[in-house]
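For ligands, and for the atoms within them, numbers begin at 1 and follow the listed sequence.
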Amino acid sequence: MTDSAPGPAPRIAVVGSLNMDLVLQVARAPEAGETVLADGLHLVPGGKGGNQAVACARQGASVHLFGRLGDDGYGRTLRAALKADGIDHTGVQTDLGTTTGVAAITVEATGQNRIVVVPGANGRFVLDASALDGALHGAAGLVLQFEIPLPEVLAAAERAHAADCPVVLNPSPIQPLPETLWPLLHTLVVNEVEAAALAGVAVDTPQDAAAAAQALRGRGPAQVVVTLGAAGAVAADADGCRHHPGMSVRAVDTTAAGDTFLGALAVALARGESLDAGVRHGIRAAALCVTQHGAQPSIPTRAAVAQSPQPPDWIAL
Ligand code: RIB
């Protein structure tokens with residue numbers, strides 16, 4: 001990527017979830033049947049759709065988000081946060097019949113998290129196909145995840161495919177993909193657990209990730225990225241597989257690291273950069289994200305990423 005000459009802002013549409021994150025900072029997460037005391041409770045804007053939209057916006061994209069909030073205080077706070085990031089939220093519906101999505105998150109001293117999501121309004125999201133068609137016109141990418149109903153994800157991917165707009169999917173929380181979704185995907189981004197679940201193989205090493213990525217490419221996506229946490233990521237396309245090593249940082253909270261990676265990658269691809277440039281950019285952005293607390297507050301800007309150290313060179317697999 002070129003840090004100093006970003007060019008015109010690419011347009012990206014995001015369809016996905018919005019949650020208020022209730023973050024409990026704990027020394028360690030409780031075992032089954034155990035009670036532990038938290039150091040505090042923080043309310044933080046989150047949700048995979050919202051986080052990925054914010055990540056794209058902070059990397060310089062013009063973002064149009066489609067989602068659903070409840071008619072409550074959390075919903076109003078989340079909408080205000082989107083507005084503050086310059087995101088077009090006219091596609092974010094307000095549901096008068098239910099509450100805004102909530103995620104209960106424990107974050108341990110190591111930065112490791114555990115997340116339980118109550119979908120609320122996200123579970124009642126219904127795609128406005130003509131509004132999405134408008135957003136897809138001239139867009140360089142559509143970003144999707146799995147925290148809204150699967151039929152709506154599939155419908156959005158179908159509209160993007162028909163509009164010749166590349167679809168970037170992060171199938172999290174993981175569930176089997178409908179057979180008809182695979183051929184609509186341009187880029188699939190999964191972590192090691194999701195890669196293992198989809199490919200049906202163990203993913204413990206970069207070599208395992210490469211094998212899983214190639215198997216998944218065989219189902220439709222032109223390119224597959226398997227993120228490996230602190231160990232970086234594996235990128236797979238028609239040219240083969242490369243391991244991009246991770247960066248050494250002191251993690252305080254890994255929440256939204258995957259969303260930050262995806263947003264940075266999606267914007268790089270939307271700017272016409274290579275898959276490897278996009279993965280490097282994603283690794284740099286995610287490395288900054290884990291050094292800060294919370295979901296959306298920890299997502300870095302393009303300027304912050306440009307000032308951060310470069311990751312190590314990739315290794316062909
Ligand atoms: O990916 C992190 C996000 O997962 C959190 O913000 C939480 O809301 C859940 O959706």
Query raised in the report: Does any N/O atom on Asn19 come nearer than 3.5 Å to any N/O atom on ligand 1?
Result: yes
Query raised in the report: Would you call Arg28 and Glu34 a salt bridge, using N to O less than 4.0 angstrom?
Result: yes
Query raised in the report: Looking at Ala295, which atoms of ligand 1 are within less than 4.0 Å of one of its heavy atoms?
Result: 6 (O)
Requested in this report: Among all protein heavy atoms, pick out the one at the shortest distance from atom 2 (C) of ligand 1; state its residue, atom name and that distance to 0.1 Å.
Outcome: Asp259 OD2, 3.3 Å
Query - Ala103 neighbourhood, listing ligand 1 atoms whose heavy-atom distance to it stays under 4.0 Å - result: 7 (C), 8 (O)
Requested in this report: Quickly, which of Asp21, Thr260, Asn51 forms a side-chain hydrogen bond (donor to acceptor under 3.5 Å, both in side chains) with Gln296? Name it, please.
Outcome: Asn51
Query raised in the report: Has Leu41 got more than 12 heavy atoms of other residues, nucleotides or ligands less than 6.0 Å from its CG?
Result: yes
Requested in this report: Please report which non-hydrogen protein atom sits nearest to atom 3 (C) of ligand 1, along with the residue it belongs to and the distance in Å to one decimal place.
Outcome: Asn51 ND2, 3.6 Å
**Report entry** Protein heavy atom at shortest distance from atom 7 (C) of ligand 1
**Finding:** Asp21 OD1, 3.3 Å
Report summary line: heavy-atom search around atom 4 (O) of ligand 1 in the protein gives Lys48 NZ, 3.1 Å
Query raised in the report: For ligand 1, is there an atom lying under 4.0 Å from some heavy atom of Gly47?
Result: yes
Query raised in the report: Is the closest side-chain donor-acceptor distance between Asn170 and Ser172 under 3.5 Å?
Result: no
Requested in this report: Tell me which protein heavy atom sits closest to atom 9 (C) of ligand 1, plus the residue, atom name and distance to 0.1 Å.
Outcome: Glu147 OE2, 3.5 Å
Query raised in the report: With a cut-off of 4.0 Å, which atoms of ligand 1 are near a heavy atom of Gly46?
Result: 6 (O), 8 (O)
Query - Non-hydrogen side-chain atoms of His42 and His293 separated by less than 4.5 Å - result: no
Report task. Go through the side-chain N and O atoms of Thr99 and Asp72 and say whether any donor and acceptor fall under 3.5 Å apart. Result -> no
Report summary line: Output for pair (His186 NE2, His161 NE2), nearest 0.5 Å, gives 10.0 Å
